[in-house]
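In what follows, chains are A, B, ... by sequence order, proteins preceding strands, each numbered from 1. Quantities reported herein were computed from a predicted structural model and do not represent experimental measurements.
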Amino acid sequence: MRPDFTATDPLAQLTEIRAIMERSSRFLSLSGLSGVGAGVVALAGAAVAHYYLQSHFADGYAYLLGGSRAERLAALPFLVLLAGTMAGAAVLVAWFFTRRRMQQQGSCQPLWNSLTRRLLVALALPLGAGGLFCLRLYLGDDAGLVVPGLLLFYGLALLNASKYTFTEIRWLGLTQMVLGLLATLQPAWGVLFFALGFGLGHIGYGLLMYARYERPGAAGATGQSQAAA
Amino acid sequence: MKHLIHTLNKAFDHRVRLGVMAVLMANDTVSFNDLKELLDLTDGNLASHVAALEKADYVLVSKQFIGKKPNTTYAATAAGKEAFRAHLAALEKLLSG
């Protein structure tokens, strides 16, 4: 509340009120570079999965989908380990760039505050349910729906989280949901859809947000309230 | 013009109180410490202004314990929200002249 205004200037009052409402309810320090980093992690993970499955199963991912339950079980530890590593690496990268951005903004708030907590819970609930649901699909006879399911639930999680951070993240969520639905049409291309959604989707969103708010000279780069239009 | 200024709520004539209400409009409940950090205030400053809002029945204070630490949270009452909205409307009216 440093900048002062005279009590009789209604425009200054309204502007400050809006800024306070915005920054008290949304986490606006999420760096676009976090998205780019997460996308790169996803692309690398998709490549690792592709080559691993190619070398262990005749036709890679497509074969696995039509394979026996025993074969899918054999690939499960690798896939779970890979997914866990990717999630961990993505969170680490996101944490790094976001913390750096908070320092650049001169924020004295700890990164783990009530806003980030709320944001992460909003993300984690749909994602956790979706993850378990996809595990169930994989163990049943619907492995082809795992990638569409992951994209759909992740899209819903982002849509849910858009209440607590930049509203633009809603577009990333909708993109993931559309890709998830499209992926049901070509289950064999699952790895490709995964790379498109989690990889290119994140990178595109991250670059866009970086250009919009963080690039030196960007409209929202220095503003206190980066009110998403 | 003079008449319009008198429609502004006296309880909101200080920017700290306006700030507190703005935060409570955007969030269901907010802890004392979060409020303090968001508005960049000292303990005493925040406490006195919140007390004024509480007295006007615009803010509901609840005191709980998390483990052994006291945790005070604030929420806007229905009357507080209504008064704040009326205040915003009055400000906008002032702007449009």
Side-chain angles (χ1 to χ4, degrees), chain A residues 1-30 98-99 101-103 105-122 125 160-167 222-229, chain B residues 1-42 45-46 49-50 66 71-76 80-81 83-97:
Chain A
M1 294 203 75
R2 271 179 224 101
D4 232 323
F5 63 74
T6 48
T8 48
D9 182 354
L11 182 62
Q13 278 198 38
L14 283 170
T15 312
E16 181 166 350
I17 286 167
R18 266 186 218 122
I20 291 172
M21 289 176 79
E22 187 81 18
R23 76 161 185 264
S24 70
S25 60
R26 291 172 186 272
F27 182 66
L28 298 175
S29 300
L30 190 64
T98 296
R99 201 183 59 133
R101 183 163 180 214
M102 285 178 85
Q103 282 166 353
Q105 287 175 331
S107 167
C108 49
Q109 281 208 43
L111 180 52
W112 184 241
N113 58 40
S114 59
L115 288 180
T116 45
R117 223 164 19 238
R118 207 157 49 175
L119 177 63
L120 287 179
V121 169
L125 288 180
N160 194 36
S162 69
K163 294 193 291 270
Y164 304 123
T165 181
F166 295 102
T167 47
T222 48
Q224 268 278 316
S225 83
Q226 290 132 342
Chain B
M1 208 57 181
K2 192 162 187 267
H3 169 71
L4 272 175
I5 283 178
H6 287 294
T7 62
L8 293 178
N9 195 324
K10 276 271 166 17
F12 300 136
D13 65 358
H14 195 285
R15 51 204 293 274
V16 171
R17 281 176 227 167
L18 267 182
V20 170
M21 285 309 290
V23 173
L24 295 181
M25 289 298 283
N27 300 273
D28 292 339
T29 59
V30 180
S31 73
F32 186 86
N33 284 332
D34 282 344
L35 212 47
K36 201 177 73 176
E37 268 169 29
L38 275 164
L39 300 175
D40 197 14
L41 298 167
T42 61
N45 199 355
L46 176 59
H49 285 294
V50 167
I66 296 181
N71 182 49
T72 309
T73 57
Y74 302 96
K81 287 183 178 177
F84 188 74
R85 276 193 208 104
H87 182 77
L88 288 188
L91 283 175
E92 268 160 18
K93 212 165 177 188
L94 266 177
L95 267 186
S96 60

Under 4.5 Å from a heavy atom of chain B, the part of Arg26(A) involved: neither
Inter-residue atom distance Gln13(A).CD - Phe12(B).CZ, 0.5 Å rounding: 11.0 Å
NE2-CG distance between His87(B) and Leu14(A), expressed to the nearest 0.5 angstrom: 8.0 Å
Euclidean distance, Leu39(B) CG relative to Ile20(A) CD1, rounded to 0.5 Å: 5.5 Å
Set of residues satisfying side-chain contact (heavy atoms from CB on, under 4.5 Å) with respect to Ala161(A), sequence neighbours excluded: Leu119(A), Ala122(A), Leu123(A)
Closest contact, heavy atoms only, Arg23(A) versus Leu38(B): NH2-O, 2.9 Å
Proximal to chain A - members of residues 21-31 of chain B, heavy-atom separation under 4.5 Å: Ala22(B), Val23(B), Met25(B), Ala26(B), Asn27(B)
